Engineer: 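I am attaching a structure below and will ask some questions about it afterwards.
Keep in mind that the numbers below use all heavy atoms, side chains included, and drop hydrogens, waters and symmetry copies. In this text the structure is predicted, and so the values were computed from the model without any measurement. Order of the sequence lines sets the chain letters (A, B, ...), proteins ahead of strands, with each chain counted from 1.
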Protein chains: 2
Amino acid sequence: MSDKCDINSPHEDVVKKLKKEMPDAQSFEKSAALFKALCDPTRSKIIWALDGNELCVCDLSELLGMTQSAISHQLSGLRKANMVKFRKSGKEVFYSLADEHIRIMLESGMEHANEKEDE
Amino acid sequence: MSDKCDINSPHEDVVKKLKKEMPDAQSFEKSAALFKALCDPTRSKIIWALDGNELCVCDLSELLGMTQSAISHQLSGLRKANMVKFRKSGKEVFYSLADEHIRIMLESGMEHANEKEDE
DNA sequence: AGGACAGTTGAACAATTGCTCATATGTTCA
DNA sequence: TGAACATATGAGCAATTGTTCAACTGTCCT
């Protein structure tokens with residue numbers, strides 16, 4: 001833990017206030033989980049592609065130029081996080097977005113990232 | 001790569017269209033980097049705390065109940081990603097948010113994560 | 001100068017990640 | 001039934017992550 005920084009710091013009050021206002025750990029965990037789905041390019045491509053489209057693993061595999069297995073593994077993670085849902089039809093499995101939030105987050109993330117040409 | 005799924009798939013057109021519309025790899029990398037700052041609870045707590053407040057390492061360390069070293073390492077990462085800026089004053093180093101986007105993203109992420117009580 | 005404090009940094013480590021490869025399941029069609 | 005296909009999954013592996021620990025830099029104060 002902290003070696004107890006200067007108790008008379010001019011920031012003591014702010015820290016105290018923040019401690020009270022700070023959302024509980026679980027809230028941070030949840031939002032982190034949401035962002036986790038988007039912090040990997042492969043996953044964000046998948047989510048981008050599924051935005052408005054119902055696609056099978058094979059479609060995604062071709063679109064992203066990646067192994068069917070790699071895609072399937074990622075989808076499995078997104079499934080566990082309730083970010084995508086799926087529908088089986090014969091041999092194929094069609095995936096689509098299960099979460100409205102994640103779509104919105106990706107869209108604004110992509111916007112922001114591209115406004116940020118300053119680095 | 002893909003073992004070439006059924007070429008006559010009813011989704012071939014969609015895939016073709018998506019291939020054309022798909023943003024370049026770099027765009028995805030950039031947005032992923034933005035989300036990466038937020039996908040870890042420690043980092044998102046730091047960003048939350050710095051939202052509107054200029055805090056020193058020690059303040060953050062006390063607020064989060066974590067080692068000063070752990071905080072410093074995380075800040076170093078956020079610095080490299082241009083997410084935070086800092087100002088030295090005597091022994092202390094004051095950090096603040098350098099990026100408007102990240103603030104907005106965290107806020108909406110926290111909102112969305114908490115609306116999502118359904119799991 | 002010397003001690004105390006704030007912060008940074010690098011090495012080390014366990015845990016996690018993202019992928020590949022091989023294999024398994026389940027479906028369609030001849 | 002058996003071959004071909006779409007997908008899922010587990011083991012294995014290299015790379016990355018998040019933290020700790022110890023050592024270091026720089027500043028203030030006496």
Engineer: Return the value, rounded to whole Å, for the distance between atom CD of B/E29 and atom P of C/dG18.
Structural biologist: 12 Å
Engineer: If you assign each of A/S69 and A/K36 to its closest nucleotide in DNA chain D, which residue comes earlier from the 5' end?
Structural biologist: A/S69
Engineer: Classify the side chain of A/H73 and the base of C/dT20 as holding, or not holding, a donor-acceptor pair under 3.5 Å.
Structural biologist: yes
Engineer: Closest nucleotide of DNA chain D for A/S72 versus for B/D40: which of these residues is on the 5' side?
Structural biologist: A/S72
Engineer: In whole angstrom, what separates A/L64's CG from C/dC19's C1'?
Structural biologist: 14 Å
Engineer: Using whole Å, what does the distance between atom P of nucleotide D/dG18 and atom CG of B/L75 come to?
Structural biologist: 13 Å
Engineer: Round to the nearest Å and state the distance from B/E92 atom CD to C/dG7 atom P.
Structural biologist: 6 Å
Engineer: Check the angle between the aromatic planes of A/W48 and B/F28 and answer parallel, tilted or perpendicular using the 30° and 60° thresholds.
Structural biologist: perpendicular
Engineer: Using a 4.0 Å cut-off on protein heavy atoms (strictly under), produce a 5'-to-3' string for nucleotides 25-30 of chain C with B for base contact, S for backbone-only sugar-phosphate contact, and - for none.
Structural biologist: -BBS--
Engineer: Under 3.5 Å, side chain of B/S76 to main-chain N/O of B/S72, donor-acceptor pair present?
Structural biologist: no
Engineer: Round to the nearest Å and state the distance from A/I71 atom CD1 to C/dC21 atom P.
Structural biologist: 15 Å
Engineer: Name the nucleic acid region contacted by B/Y95, choosing base, sugar-phosphate or nothing; use a 4.0 angstrom heavy-atom cut-off, strictly under.
Structural biologist: sugar-phosphate
Engineer: Nearest-Å distance, NZ (B/K45) to C1' (D/dG18)?
Structural biologist: 13 Å
Engineer: Could you state the atom-to-atom distance from CZ of A/F86 to P of D/dA6 in whole Å?
Structural biologist: 19 Å
Engineer: How close or far is atom P of C/dA6 from atom CZ of B/R87, stated in whole angstroms?
Structural biologist: 16 Å
